[in-house]
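A short write-up of the structure that comes next.
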Amino acid sequence: MFTGIIEELGTVEAIERLDDAIRLTIRASTVLEGTGLGDSIAVNGCCLTVVSTSSTTGGAPDLWTADVMQESLDKTSVGDLEVGDEVNLERAVTADKRLGGHVVQGHVDGVGEVVARTPSEHWELVELQAPAGMGRYLVDKGSITIDGVSLTVVEARDDDTFTVSLIPETLARTTMGRRQPGDRVNLEADVIAKHVEKLLTSGYLQKLMKEQDQ
């Protein structure tokens, strides 16, 4: 589980393309502190497993590698990455860490697209297009994860478009400051909204209420 609060910007160091997967090597520092093999790190909001670490300086590890399967390549923008690209990184949350964002699983629901950016003096409004049907999970002032960044929806529209407002900290410390119209981004809806939908549409709550009335 993650919080959507980005710890650092990493850089794609190498991409090894396999038949049905890629091996992704990323240069980082903060997220490698206390990290071991098998640990989880979110890369642009996609939960990946550390399979190896190494050091280019002989000191602390500054490179880590993850295997990205075809399923992740098909359903996220990780397959779009190129060597030299910056990526948002966050380690899995620990029990003693402040939950500064919201509950993020690192399980991408779909790939959206940046539609427009409207700059202001102290913040920037970004409009995005979500995949068809995903808009039902979005509400004004609700949470959305974009490339691993926990953000608040400003306006959710009926056509699956929505807007978020970015403060200078987010613009400077994440890839959201560099995304331009046409760029693809990973989107993860609030898991609570998905559970509520399942309960309401499965008939379970209606059945439970009926049993309580008897």
Side-chain angles (χ1 to χ4, degrees), residues 1-94 97 101 103-114 128 130-131 134 144-151 170-180 182-189 191:
M1 188 184 83
F2 306 90
T3 70
I5 304 300
I6 303 305
E7 295 187 278
E8 73 171 315
L9 283 169
T11 304
V12 177
E13 187 77 9
I15 301 173
E16 180 183 357
R17 303 193 181 278
L18 309 174
D19 289 339
D20 57 353
I22 64 171
R23 178 157 288 182
L24 187 65
T25 300
I26 296 173
R27 182 178 295 275
S29 56
T30 301
V31 297
L32 290 178
E33 295 174 5
T35 295
L37 303 186
D39 287 346
S40 296
I41 297 177
V43 178
N44 283 352
C46 182
C47 178
L48 298 179
T49 300
V50 177
V51 298
S52 69
T53 62
S54 61
S55 173
T56 59
T57 63
D62 57 359
L63 296 176
W64 67 280
T65 299
D67 291 325
V68 187
M69 299 297 99
Q70 190 65 50
E71 175 75 3
S72 297
L73 296 175
D74 290 342
K75 295 187 177 180
T76 76
S77 64
V78 173
D80 298 343
L81 292 174
E82 298 179 355
V83 173
D85 283 350
E86 289 186 316
V87 288
N88 297 321
L89 300 177
E90 181 190 359
R91 289 168 292 187
V93 67
T94 56
K97 185 177 180 181
V103 176
V104 177
Q105 295 181 294
H107 302 160
V108 175
D109 290 305
V111 178
E113 183 177 310
V114 177
L128 300 105
M134 189 174 171
I144 180 70
T145 308
I146 304 176
D147 273 353
V149 184
S150 174
L151 294 169
T170 304
L171 293 170
R173 293 178 58 86
T174 77
T175 59
M176 291 302 296
R178 302 158 181 75
R179 293 299 188 199
Q180 296 300 317
D183 285 354
R184 287 161 31 101
V185 291
N186 293 321
L187 300 178
E188 180 185 335
V191 66

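Starting from 1, each residue takes its place in the sequence as its number. Everything numeric in this text was worked out from a predicted model, so none of it was measured.
- Nearest heavy atom pair, residue T53 against residue P61, reads CB-CB, 4.1 Å.
- Residues V191 and Q105 come closest through the heavy atom pair CG2-OE1, 3.5 Å.
- Of all heavy-atom pairs spanning P131 and L187, the tightest one is CD-CD1, 3.8 Å.
- Residue pairs that meet the side chain to side chain donor-acceptor pair (under 3.5 Å) test with at least one member in residues 10-20, sequence neighbours left out, are E13-R27.
- The distance from atom CD of E113 to atom CG of D183, rounded to the nearest 0.5 Å, is 8.5 Å.
- A donor-acceptor pair shorter than 3.5 Å can be found between the side chains of T56 and D62.
- The structure places CZ of F2 at 7.5 Å from NE2 of H107, a figure rounded to the nearest 0.5 Å.
- One distance of note links CG of L18 with CG of D67; it measures 7.0 Å at 0.5 Å rounding.
- No side-chain donor-acceptor contact under 3.5 Å links N88 to the backbone of T174.
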Note to self: Is there a side-chain contact (heavy atoms from CB on, under 4.5 Å) between T25 and I15? Walk through the geometry before answering.
What the structure shows: CA-CA 6 Å; T25 300; I15 301 173; over 6 Å; no
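- With hydrogens and angles disregarded, a donor-acceptor distance shorter than 3.5 Å links the side chain of E8 to the backbone of S29.
- Contact record, M176 with L151: CE-CD1, 4.5 Å, taken as the closest heavy-atom pair.
- Taking CG from N186 and NZ from K75, the interatomic distance works out to 13.0 Å, rounded to the nearest 0.5 Å.
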Checklist line | R179 vs D147, salt bridge (Lys or Arg N to Asp or Glu O under 4.0 Å): CA-CA, chis, key distance, verdict | finding: CA-CA 10 Å; R179 293 299 188 199; D147 273 353; 2.8 Å; yes
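- Partner of E90 under the side-chain hydrogen bond (donor to acceptor under 3.5 Å, both in side chains) criterion, chosen from N44, T30, T3: T3.
- If you check the side chains of S150 and T145, you find no donor sitting under 3.5 Å from an acceptor.
- With R91 contributing its side chain and E33 its backbone, the two residues share a donor-acceptor pair below 3.5 Å.
- The two residues I6 and L89 come nearest to each other via the heavy atoms CG2-O, 3.5 Å.
- Looking only at distances, no side-chain donor or acceptor of D74 sits under 3.5 Å from a matching main-chain atom of E71.
- Note on R184 versus D80: salt bridge recorded, some NZ/NE/NH1/NH2 to OD/OE distance being below 4.0 Å.
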Note to self: Would L48 and V68 count as a side-chain contact (heavy atoms from CB on, under 4.5 Å) here? Give the steps.
What the structure shows: CA-CA 7 Å; L48 298 179; V68 187; 4.0 Å; yes
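- Scanning both residues, S55 and G59, for their nearest heavy atoms gives OG-N, 3.1 Å.
- Formation of a donor-acceptor pair under 3.5 Å by the T76 side chain with backbone atoms of S72 is found in this model.
- Within the model, atoms NZ of K97 and CE of M1 stand 9.5 Å from one another, a figure rounded to the nearest 0.5 Å.
- Atom CH2 of W64 and atom CD1 of I41 lie 4.5 Å apart (nearest 0.5 Å).
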